[in-house]
Amino acid sequence: MTTGEKIAMLRRRKNITQEQLAEMLGVSRQSVSRWEMDQAFPETEKLIRLAGLFSCSIDFLLSDVLEGNRQTAQGLSADDCVAFIRECGYFFLATSVADRPRLRPFGMICSNGETLFIVTDKRKSVHSDLKRNPRVELSSYNPVTGGWIRISGEVSEDDNCVARELVQSAYPSLKQKYPGEQEEFLAVYQVHIEDVSVN
């Protein structure tokens, strides 16, 4: 990822607009926009302030990799994949059962830096499909940028409390949807990435 792409990703993760970031740094919104499109580069003082604001190192902003994140062969970490998909707002999950493909829109995806997690309900047919055949593809398309991502791999159900806490912190609405005994219906799957294609 370029420095501009990282600034845009980190800004979105903080849920702040270009205008808000510009105000925090004492620059124009156009300056932030040019940084994010890699048409200009922040001054050293601004890089220091960006690193503090986003709780990352300057090296992270300047390097080609995401610190602390294991990368796929294509140079993307699980966090990169999640950031791309969240920018799109949704993704599709493709499964195959009895040699018949099934494609479903999905929305809940998160990462612990190394592993992707997707969430579904054990009462839905997708849960039984994944039990029968764990091979999947995830794909997402961004109509604004024209970019797309396709992730291939296998899933495995993760019942440990750490994974559940991770997805519930990423999606607080899950605690309301699955209160008390209902939590037994929450299905968290790890996605073991084999291939990632982006454009």
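What you see is a predicted model, and the numbers here were worked out from it, not measured in a lab. The basis for the numbers below is simple: all heavy atoms, side chains too, and nothing from hydrogens, waters or symmetry mates.
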Review point. Do Trp35 and Phe41 sit in the same hydrophobic cluster, where Ile, Leu, Val, Met, Phe, Trp and Tyr count as joined when their side-chain heavy atoms come under 4.5 Å apart?
Key: yes

**Study point:** Reported CD-to-CD1 distance for the pair Glu23 and Ile16, which is rounded to 0.5 angstrom
**Key:** 10.5 Å

Exercise for review: May I ask you to say whether Glu184 pairs ionically with Lys122, meaning some side-chain N is under 4.0 Å from a carboxylate O?
Suggested key: no

Point to revise | Leu186-Ile118 co-clustered via ILVMFWY side chain contacts under 4.5 Å | key: yes

Review point. Leu21 versus Leu53: any side-chain heavy-atom pair under 4.5 Å?
Key: yes

Point to revise | Pair Glu194, Ser152: side-chain N/O donor-acceptor within cut-off below 3.5 Å | key: no

Review point. Is a salt bridge present between Arg132 and Asp129, judged by a nitrogen-to-oxygen distance below 4.0 Å?
Key: yes

Check your understanding: Do you reckon Leu103 sits in the same ILVMFWY cluster as Trp148, going by side-chain contacts under 4.5 Å, direct or chained?
Key -> yes

Review point. Do the side chains of Leu10 and Leu50 get nearer than 4.5 Å, heavy atoms only?
Key: no

Check your understanding: What distance separates Ser140 OG from Ile85 CD1, expressed to the nearest 0.5 Å?
Key -> 5.5 Å

Review point. Does Glu183 reach the side chain of Pro179, with side-chain heavy atoms less than 4.5 Å apart?
Key: no

Check your understanding: What is the distance from atom CZ of Arg150 to atom OG of Ser197, rounded to the nearest 0.5 Å?
Key -> 5.5 Å

**Study point:** Nearest non-hydrogen partners of Val82 and Ser111, listed with the distance
**Key:** CG2-CB, 3.6 Å

Practice item. Might you work through the side-chain contact (heavy atoms from CB on, under 4.5 Å) test for Glu87 and Asn142, ending with a clear yes or no? Key: CA-CA 7 Å; Glu87 174 88 9; Asn142 189 326; 3.2 Å; yes

Review point. When you look at CD of Glu43, are more than 12 heavy atoms from neighbouring residues, nucleotides or ligands closer to it than 6.0 Å?
Key: no

Check your understanding: What are the two closest heavy atoms between Val167 and Leu174, and how far apart are they?
Key -> O-CD1, 3.7 Å

Review point. Quick one: ring pair (Phe, Tyr, Trp, His ring centres under 6.0 Å) pairs with a partner in residues 167-199, sequence neighbours left out?
Key: His127-Tyr189

**Study point:** Distance, nearest 0.5 Å, that separates OG of Ser77 from CD1 of Ile193
**Key:** 8.5 Å

Point to revise | Salt-bridge present (Glu36, Arg11; N to O < 4.0 Å) | key: yes

Practice item. Working to the nearest 0.5 Å, report the span between OG1 of Thr44 and CG of Leu47. Key: 6.0 Å

**Study point:** Heavy-atom donor-acceptor pair, Asp38 side chain to Gly4 backbone, under 3.5 Å
**Key:** yes

Exercise for review: Give a yes or no on whether a salt bridge exists between Glu157 and Lys131, defined as a side-chain N under 4.0 angstrom from a carboxylate O.
Suggested key: yes

Practice item. Using modelled atom types only, decide if a donor and an acceptor are shared between the side chain of Glu165 and the backbone of Val162 within a distance under 3.5 Å. Key: no

**Study point:** same_hphob_cluster(Met24, Ile7) at 4.5 Å side-chain heavy-atom cutoff
**Key:** yes

**Study point:** salt bridge (charged side-chain N to carboxylate O under 4.0 Å, His left out) evaluation trace for Asp158 with Arg164
**Key:** CA-CA 8 Å; Asp158 191 334; Arg164 284 175 178 268; over 6 Å; no

Revision key, fill the gap. Taken to the nearest 0.5 Å, the spacing of Gln168 CD from Lys175 NZ works out to 5.5 Å

Point to revise | From CA spacing to verdict: side-chain contact (heavy atoms from CB on, under 4.5 Å), Met108, Ser173 | key: CA-CA 11 Å; Met108 294 188 183; Ser173 62; 4.3 Å; yes

Exercise for review: Let me see the working for Asn112 and Phe117 under side-chain contact (heavy atoms from CB on, under 4.5 Å), right down to the final yes or no.
Suggested key: CA-CA 8 Å; Asn112 65 2; Phe117 295 90; 3.8 Å; yes

Point to revise | Min side-chain heavy-atom separation Ser139-Ile149 under 4.5 Å | key: no

Review point. Taking all atoms of both residues into account, what is the closest heavy-atom pair of Lys46 and Val27, and its distance?
Key: CE-CG1, 3.4 Å

Check your understanding: So does Gln20 have more than 12 non-hydrogen atoms from other groups sitting under 6.0 Å from CD?
Key -> yes

**Study point:** Heavy-atom pair of closest approach, residues Thr120 and Lys124
**Key:** OG1-CD, 3.9 Å

Check your understanding: Can you find a side-chain donor-acceptor pair between Ser28 and Ser31 that sits under 3.5 Å?
Key -> yes

Review point. Of all heavy-atom pairs between Ile151 and Cys81, which one has the smallest distance, and what is that distance?
Key: CD1-CB, 3.9 Å

Check your understanding: Is there a donor-acceptor pair closer than 3.5 Å between any side-chain N or O of Arg86 and the backbone N or O of Ile109?
Key -> yes

Which pairs of donor and acceptor atoms, one on a side chain in residues 88-100, lie under 3.5 Å apart (sequence neighbours left out)?
| residue | atom | partner | partner atom | Å |
| --- | --- | --- | --- | --- |
| Tyr90 | OH | Tyr141 | O | 3.3 |
| Thr95 | OG1 | Arg104 | NH1 | 3.1 |

